[in-house]
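Reading through the structure tokens given below for one structure.
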Amino acid sequence: MTRIYPHFIVAKFGGTSVADFDAMSRSASLVLADKNVRLVVLSASAGVTNLLVELASGLESRLRLDKIETLRSLQYNILSRLKQPEAIGQEIDRLLDNIHRLAEMAAVARSAALCDELVSHGEMISSLLFVEVLREQEVEAQWFDARKVIRTDDTFGCAAPAISAIAAMAENHLRPRIEQTLVVTQGFIGSDAAGRTTTLGRGGSDYTASLLAEALQASRVDIWTDVAGIYTTDPRIVPQAKRIDNLSFAEASEMATFGAKVLHPATLLPAMRKDIPVFVGASSNPSAGGTRVCRDVATPSRYRALAVRRQQTLLTLSSVNAQPAHRFLADTFAMLSRHEMAFDLVTTSETSIALILNATSATSGEADTLTTALLTELSSHCHVEVETGLALVSLIGNALSEGAAVCKEVFAELENHPVRMICHGASRHALCFLLPAQFADSAVKALHRSLLE
Ligand code: ASP
Ligand code: MG
């Protein structure tokens with residue numbers, strides 16, 4: 001079949017880019033500036049998901065009504081600026097009534113499934129409003145329910161996408177539409193095999209955009225946010241941080257995993273699988289340019305960026321009954337896997353294992369990694385120690401595990417920092433270390449000054 005748009009682009013707009021009518025209008029102009037943009041993926045308006053998560057936690061009636069009122073006025077501020085608000089007014093009211101009803105249910109008995117159903121309304125509303133903003137600019141656009149194609153498992157709050165099912169469903173239901181008109185859909189939300197609404201974890205709209213780009217073999221993903229690209233570190237910690245114009249998938253993916261907030265950590269995986277470049281820019285200031293992420297960058301330097309992940313927990317497990325090391329490691333990891341515990345950095349000695357647990361990014365915001373069941377089982381098998389209040393600082397770069405001077409250059413700067421654990425060697429692109437949270441900013445500042453300025 002010949003395609004009318006063989007080089008189409010998926011454009012994703014984050015919460016601040018659809019925060020109010022003016023932001024939506026600017027985002028609409030960006031969509032229209034490139035005729036290859038055929039699929040638009042939206043977040044909820046800024047602040048809306050947080051309100052919905054609070055409602056899903058089961059608020060008492062006064063507080064609940066307050067939050068719903070805040071939400072209503074936020075969305076009505078956009079609706080009332082449309083030339084013909086009546087075109088979608090009823091539909092918006094229906095969704096707001098739904099929110100009300102679901103929030104009442106959550107106050108009786110909350111659940112992760114109910115939370116996902118409730119929060120999905122943020123993206124539903126923003127996408128309806130955006131279609132109208134486009135229509136009022138005389139652009140033909142269709143609204144599309146992302147749950148028809150984003151098939152996931154039933155891990156509510158942090159669902160895993162089913163890649164081949166998504167490819168098949170997107171080909172059937174979405175491809176014909178993008179050949180016809182511009183399509184606007186929701187990020188973040190999906191559905192399981194039983195048709196129940198799921199979400200991809202906080203910040204998941206980026207991931208939706210790259211999953212759909214992968215499914216439909218788009219030529220590029222544009223992520224429009226509130227910063228003009230990806231920086232060497234968070235400019236709120238280091239004002240001298242600079243935008244990086246070109247990043248490789250490997251570098252950007254390590255940055256997202258280790259705490260750079262610009263992209264959802266999984267966003268680059270689909271893009272890498274299909275070699276689709278990702279652009280990150282600011283919708284309020286497109287002429288400022290942005291960061292282009294693609295397979296390779298020409299002559300990448302050794303040190304590229306610093307990221308911080310806060311709220312880390314260190315779990316240290318020590319063997320008590322002189323088991324052989326291989327048995328102790330195997331039994332412990334089997335136990336962790338049965339409990340589906342998420343950890344991503346590990347160091348081991350002959351008799352102990354230290355693991356870094358990342359506070360969950362699940363939609364409900366509940367830290368459920370260290371369950372009592374898991375702790376009980378672990379305690380019957382080994383000595384368990386839990387340390388909290390830690391932060392993980394990661395240096396991202398290239399060939400970090402090869403350079404003779406890397407350790408000297410990095411740790412010389414950290415003389416006065418009580419480093420608790422170091423992960424170096426497994427990845428060529430990241431050197432990570434854990435330290436008490438109150439030392440994280442000063443470690444980042446010192447390393448940025450000496451390695452990146
Ligand atoms: N609205 C969702 C959130 O706030 C998803 C996203 O913005 O990407 O987490
Ligand atoms: Mg985001």
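Numbering starts at 1 and runs along the sequence shown. Just so you know, these numbers use all the heavy atoms, side chains as well, and skip hydrogens, waters and symmetry mates. Indexing begins at 1, ligand by ligand and atom by atom, following the structure's order.
In terms of protein heavy-atom proximity, atom 7 (O) of ligand 1 is closest to S43 OG, 3.1 Å. Residue, atom and distance of the protein heavy atom nearest to atom 4 (O) of ligand 1 are R202 NH2, 2.9 Å. Looking at atom 6 (C) of ligand 1, its nearest protein heavy atom turns out to be S205 OG, 3.3 Å.
Remark: R292 does not engage D245 in a salt bridge, criterion side-chain N to carboxylate O under 4.0 Å. Look at E54 and R64 and you find no salt bridge, because none of the NZ, NE, NH1 or NH2 atoms lies under 4.0 Å from a carboxylate O. Contact check on R135 versus E140 returns no salt bridge, with no Lys/Arg side-chain nitrogen under 4.0 Å from an Asp/Glu carboxylate oxygen. Contact check on K12 versus D222 returns no salt bridge, with no Lys/Arg side-chain nitrogen under 4.0 Å from an Asp/Glu carboxylate oxygen.
Among the atoms of F188, none of the N or O lies under 3.5 angstrom from an N or O of ligand 1. For K12, no nitrogen or oxygen atom sits less than 3.5 Å from a nitrogen or oxygen atom of ligand 1, counting backbone and side chain alike.
Contacts between E123 and ligand 1 below 4.0 angstrom, taking non-hydrogen atoms only, involve the side chain exclusively.
Judged by the shortest distance from any of its heavy atoms, G204 lies inside the 4.0 Å radius around the atoms of ligand 1. At least one heavy atom of G203 sits under 4.0 Å from some atom of ligand 1.
Checked against the 6.0 Å centroid threshold, W224 and F279 count as a close aromatic pair.
Remark: the Q240 side chain and the H448 side chain contain no N/O donor-acceptor pair separated by less than 3.5 Å.
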